[in-house]
Amino acid sequence: MNDLKEKELVHFKPNENDKRIKQLYLTEQGNMLDERMNENQINKMKQYFSESGDKEGSFWTKVMELYANEIGEKYVNRL
């Protein structure tokens, strides 16, 4: 965590209700890195789906929907 702070990718703020708690936030630079990484991951997944013969990722989507239902979460498809 300190490494990310030193690289100015994150910063901490005290919790308004409990000053013992520090909340972690991405800096602008951290947000930009996160967006680039997400974009690269999405593009890589699309490549894998295409190479596997499941270009639309429908099998992956179905597996993730089933898992989300099992743990009581809503699945959000971002591809």
Side-chain angles (χ1 to χ4, degrees):
M1 209 53 70
N2 287 332
D3 189 39
L4 295 174
K5 186 177 178 182
E6 289 173 13
K7 292 178 180 179
E8 298 182 356
L9 297 173
V10 298
H11 64 96
F12 300 95
K13 288 185 184 178
N15 181 285
E16 291 180 12
N17 299 320
D18 187 342
K19 301 298 180 194
R20 296 172 296 174
I21 298 173
K22 292 182 181 178
Q23 295 174 304
L24 177 69
Y25 296 91
L26 290 174
T27 62
E28 185 176 336
Q29 183 177 343
N31 274 319
M32 290 182 349
L33 176 60
D34 182 55
E35 288 175 15
R36 282 196 318 265
M37 289 174 60
N38 285 339
E39 183 179 331
N40 288 338
Q41 289 172 339
I42 288 170
N43 289 335
K44 186 55 77 173
M45 291 299 287
K46 286 180 180 179
Q47 175 189 342
Y48 293 153
F49 291 142
S50 180
E51 290 174 5
S52 74
D54 182 21
K55 189 172 183 176
E56 299 303 316
S58 57
F59 297 134
W60 171 266
T61 300
K62 186 62 179 171
V63 168
M64 295 310 295
E65 286 173 347
L66 291 169
Y67 178 66
N69 288 338
E70 183 177 313
I71 64 171
E73 295 291 330
K74 181 178 179 185
Y75 174 71
V76 178
N77 184 1
R78 293 187 178 161
L79 290 180

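Numbers here are sequence positions counted from 1. Quantities reported herein were computed from a predicted structural model and do not represent experimental measurements.
Take T27 and apply the side-chain contact (heavy atoms from CB on, under 4.5 Å) test, not counting sequence neighbours, and it matches H11, Q29. For N40, there are no side-chain hydrogen bond (donor to acceptor under 3.5 Å, both in side chains) partners two or more places apart in sequence or in a different chain. When the side-chain hydrogen bond (donor to acceptor under 3.5 Å, both in side chains) test is applied to D54, the partners found at least two apart in sequence or on another chain are S58. The side-chain contact (heavy atoms from CB on, under 4.5 Å) search around E28 returns none, not counting sequence neighbours. Partners of M32 according to the side-chain contact (heavy atoms from CB on, under 4.5 Å) rule, which considers only residues two or more places apart in sequence or in another chain, are R36. Applying the side-chain hydrogen bond (donor to acceptor under 3.5 Å, both in side chains) criterion to D3, with sequence neighbours excluded, gives K7. Take K44 and apply the side-chain contact (heavy atoms from CB on, under 4.5 Å) test, not counting sequence neighbours, and it matches Q47, Y48.
Residue pairs meeting the salt bridge (Lys or Arg N to Asp or Glu O under 4.0 Å) criterion with at least one member in residues 10-27, sequence neighbours excluded: D18-R20.
Hydrophobic cluster of I21: no remaining members, since no ILVMFWY side chain lies below 4.5 Å from it. Connectivity analysis of hydrophobic side chains (ILVMFWY, heavy atoms under 4.5 Å, direct or indirect) links Y25 to nothing; its cluster partners are none. Annotation for L24: hydrophobic cluster partners, listed by chain and number, are M1, L4, L9, V10, F12, L26, L33, M37 (ILVMFWY side-chain heavy atoms under 4.5 Å, direct or chained).
Remark: the backbone N or O of G57 is paired with a side-chain donor or acceptor of T61 at under 3.5 angstrom.
Within the model, atoms CE of M45 and OG of S50 stand 12.5 Å from one another, a figure rounded to the nearest 0.5 Å. A distance of 7.5 Å separates CD of E65 from CG of N69, quoted to the nearest 0.5 Å.
Atom CD of E8 has 12 or fewer heavy atoms from other residues, nucleotides or ligands within 6.0 Å.
At a threshold of 4.5 Å between non-hydrogen side-chain atoms, the residues Y67 and E73 do not count as touching.
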